[in-house]
Amino acid sequence: AQRILRQVEREARAWPGRELAVRAAPAVIAWLTEQDAAGALAQRGVGRVRFEAGGGAGEGFDVRPV
């Protein structure tokens with residue numbers, strides 16, 4: 001989850017003002033949602049973030065502008 005949050009911050013700097021979509025395993029997305037990761041990222045200056053469950057149970061993830 002920490003790698004995902006760091007990647008979101010990097011993408012937010014690269015794409016200012018754009019909404020970002022995070023796609024990861026359902027369990028990871030559930031944890032990020034429970035921990036209010038979007039709220040924490042907003043406090044760090046990251047704009048809109050959307051979390052999407054997808055893929056398998058592995059550690060792979062994708063962060064991209066929408």
Side-chain angles (χ1 to χ4, degrees):
Q2 188 69 10
R3 286 179 29 216
I4 293 172
L5 297 175
R6 288 185 187 135
Q7 184 66 32
V8 168
E9 289 180 336
R10 282 192 293 273
E11 293 294 330
R13 285 191 298 273
W15 300 95
R18 297 279 303 269
E19 180 180 16
L20 299 175
V22 177
R23 186 172 181 94
V28 174
I29 295 300
W31 187 87
L32 289 169
T33 302
E34 290 169 7
Q35 301 302 313
D36 190 27
L41 288 165
Q43 290 180 346
R44 296 180 57 85
V46 175
R48 298 168 296 160
V49 179
R50 177 173 65 199
F51 296 105
E52 304 172 349
E59 293 186 20
F61 67 90
D62 182 42
V63 179
R64 67 190 181 297
V66 179

(request) For Arg13 and Val8, indicate whether the former's side chain and the latter's backbone hold a donor-acceptor pair under 3.5 Å. (result) no
(request) Check whether any side-chain heavy atom of Leu32 lies under 4.5 Å from a side-chain heavy atom of Leu5, and answer yes or no. (result) yes
(message) Tell me if the CZ atom of Arg18 is crowded by more than 12 foreign heavy atoms within 6.0 Å.
(response) yes
(message) If the condition is side chain to side chain donor-acceptor pair (under 3.5 Å), which residues does Arg6 pass it with, not counting sequence neighbours?
(response) none
(request) Applying salt bridge (charged side-chain N to carboxylate O under 4.0 Å, His left out), name anything that partners Glu52, two or more places apart in sequence or on another chain. (result) Arg23, Arg50, Arg64
Which atom pairs, one a donor and one an acceptor, fall under 3.5 Å between side chains of residues 33-44 and the rest of the protein, sequence neighbours left out?
from	atom 1	to	atom 2	distance (Å)
Thr33	OG1	Ile29	O	2.8
Asp36	OD1	Gly39	N	3.2
Arg44	NE	Glu9	OE2	2.2
Arg44	NH2	Glu9	OE2	3.2

(request) Work out which heavy atom in Leu20 is nearest to a heavy atom in Pro65; give both atom names and the distance. (result) CD2-CA, 3.8 Å
(message) Please give me the minimum heavy-atom distance between Ala53 and Pro26, naming the atom from each residue.
(response) CB-CA, 3.8 Å
(request) Any chance you could measure Phe61, atom CZ, to Phe51, atom CZ, to the nearest 0.5 Å? (result) 12.0 Å
(request) Just jot down the side chain to side chain donor-acceptor pair (under 3.5 Å) partners of Trp15, sequence neighbours excluded, or say none. (result) Glu11
